[in-house]
Amino acid sequence: MDSSGDDIGNNNDQKVTKRTDYISWDEYFMSVAYLSAMRSKDPSSQIGACIVNNDNKIVGIGYNGMPIGCSDDLLPWNRIADNVLDTKYPYVCHAELNAILNKNSSDVKNCTIFVGLFPCNECAKLIIQSGIKRVVYMSDKYKDKPEFVASKRLLQMTNIEIKQFITNKTQIVIDLNQLNA
């Protein structure tokens with residue numbers, strides 16, 4: 001046995017083959033976006049984003065939340081109010097913005113962004129200006145709202161590839177006890 005407890009020298013000459021039930025790159029990166037979204041304190045919309053370069057290396061991660069230094073206990077989380085200043089919308093930074101700003105490389109040119117929700121027009125402008133060339137999204141539930149129609153128009157006009165994430169999996173489970181077994 002090696003130091004991890006694995007029996008490495010006694011396989012009785014059986015040929016061991018690789019696993020075949022591993023997740024795809026797109027499933028992996030979308031899962032990272034969804035895991036990041038779990039950091040969001042937004043009670044109604046938890047969105048995450050994961051930016052990946054052409055070598056399948058993660059170069060940025062973000063989730064929707066209040067700006068650094070702005071108390072998420074003092075700012076509103078309402079979706080609807082008589083005064084727009086009493087809603088979250090003027091204050092929240094979207095996941096795409098945070099992923100671009102949190103990048104761990106010199107730039108995100110020619111990268112892919114994985115995001116749970118199709119980007120709004122403001123995020124589309126950031127995606128375009130940052131040089132991202134591909135958007136992979138899960139949901140397009142606001143596709144008929146003007147800011148999302150504008151977003152799609154901007155992304156298509158700049159030849160950014162738009163792809164809806166499709167998988168036959170209904171869930172990807174992270175079992176934190178798996179390595180203790």
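Heads up: numbering here begins at 1 and tracks the sequence.
Minimum heavy-atom separation, L35 to I174: CD1-CD1, 4.1 Å. Of all heavy-atom pairs between N110 and N54, the closest is O-OD1, 3.3 Å. Across I58 and F29, no two heavy atoms sit closer than the pair CG1-CE2, 3.7 Å. Scanning all heavy atoms of the two residues, the minimum distance from A49 to V115 falls at CB-CG2, 4.2 Å. Minimum heavy-atom separation, R79 to S45: NH1-OG, 4.3 Å. Shown here for P67 and C93, the closest heavy-atom pair between the two residues is CG-SG, 3.8 Å.
Side-chain atoms of S105 and D107 include no donor-acceptor pair closer than 3.5 Å. Neither side chain, T87 nor N78, offers a donor N or O lying under 3.5 Å from an acceptor on the other.
More than 12 heavy atoms of other shown residues, nucleotides or ligands fall within 6.0 angstrom of atom CG in N56. In R134, the CZ atom is crowded: over 12 heavy atoms of neighbouring residues, nucleotides or ligands sit closer than 6.0 Å.
Side chain of W77 to main chain of K41: no donor-acceptor pair is present (N/O by atom type, distance under 3.5 Å, no hydrogens or angles). Judged by distance alone, with hydrogens and angles left aside, the side-chain atoms of N53 form a donor-acceptor pair with the main-chain N or O of K57 at under 3.5 Å. A donor-acceptor pair under 3.5 Å is formed between the side chain of N98 and the backbone N or O of Y63. T158 places a side-chain N or O within donor-acceptor distance of the main-chain N or O of L154, the cut-off being under 3.5 Å. The backbone N or O of G60 sits nowhere less than 3.5 Å from a side-chain atom of N102 that would complete a donor-acceptor pair. With hydrogens and angles ignored, the 3.5 Å screen pairs a side-chain donor or acceptor of N64 with a backbone N or O of I47.
Classification of the W25-Y28 ring pair by plane angle, with boundaries at 30° and 60°, yields perpendicular.
Partners of Y34 under the side-chain contact (heavy atoms from CB on, under 4.5 Å) rule, at least two apart in sequence or in another chain, are M30, M138. With sequence neighbours left out, the ring pair (Phe, Tyr, Trp, His ring centres under 6.0 Å) criterion links Y89 to no other residue.
With values rounded to the nearest 0.5 angstrom, K133 atom NZ is found 14.0 Å from I113 atom CD1. How far OH of Y137 is from NZ of K143: 8.5 Å, rounded to the nearest 0.5 Å. To the nearest 0.5 angstrom, L155 atom CG is 10.0 Å from C123 atom SG. Put simply, SG on C120 and NE2 on H94 are 5.0 Å apart, with the number rounded to the nearest 0.5 Å. Expressed to the nearest 0.5 Å, how far CD of E27 lies from CZ of F114 amounts to 10.5 Å. Taking CD1 of I132 as the start and CD1 of I127 as the end, the distance is 5.5 Å to the nearest 0.5 Å.
Residues C70 and D72 are not in side-chain contact: their nearest non-hydrogen atoms beyond the backbone lie 4.5 Å or more apart. Residues D26 and K163 form a side-chain contact, since some pair of their non-hydrogen atoms from C-beta on lies under 4.5 Å apart. Side-chain contact between I23 and K169: present, with at least one pair of heavy atoms (C-beta onward) separated by less than 4.5 Å. Inter-residue side-chain proximity for P76 and Y91 is flagged as met; some heavy-atom pair is nearer than 4.5 Å.
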Next item on the list: Assess whether side chain to side chain contact (heavy atoms under 4.5 Å, CB included) is satisfied between I51 and T112, documenting all intermediate values.
Entry: CA-CA 6 Å; I51 302 173; T112 297; over 6 Å; no
Next item on the list: Would you check, one step at a time, whether the test side chain to side chain contact (heavy atoms under 4.5 Å, CB included) holds for D140 with K152?
Entry: CA-CA 11 Å; D140 197 10; K152 203 162 280 175; 2.7 Å; yes
Notebook entry, point to check: When you look at K125 and S151, which way does the side chain to side chain donor-acceptor pair (under 3.5 Å) test go after all the steps?
Noted result: CA-CA 8 Å; K125 291 185 270 187; S151 172; over 6 Å; no
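F118 and V52 sit in two unconnected hydrophobic clusters of ILVMFWY residues. Membership requires side-chain heavy atoms under 4.5 Å apart, directly or through other members. In the hydrophobic cluster analysis, where Ile, Leu, Val, Met, Phe, Trp and Tyr join through side-chain heavy atoms closer than 4.5 angstrom, L97 is grouped apart from V32. Cluster membership check: V92 does not share its hydrophobic cluster with Y142, using side-chain heavy-atom separations under 4.5 Å among Ile, Leu, Val, Met, Phe, Trp and Tyr. Linking ILVMFWY side-chain heavy atoms closer than 4.5 Å, directly or via other members, places I162 and I100 in a single hydrophobic cluster. Hydrophobic cluster membership differs between V173 and Y22, with clusters built from Ile, Leu, Val, Met, Phe, Trp and Tyr side chains linked at under 4.5 angstrom.
Remark: K145 is not positioned above the aromatic ring of F148, lacking an NZ or CZ atom under 6.0 angstrom from the ring centre and at most 45 degrees off the axis.
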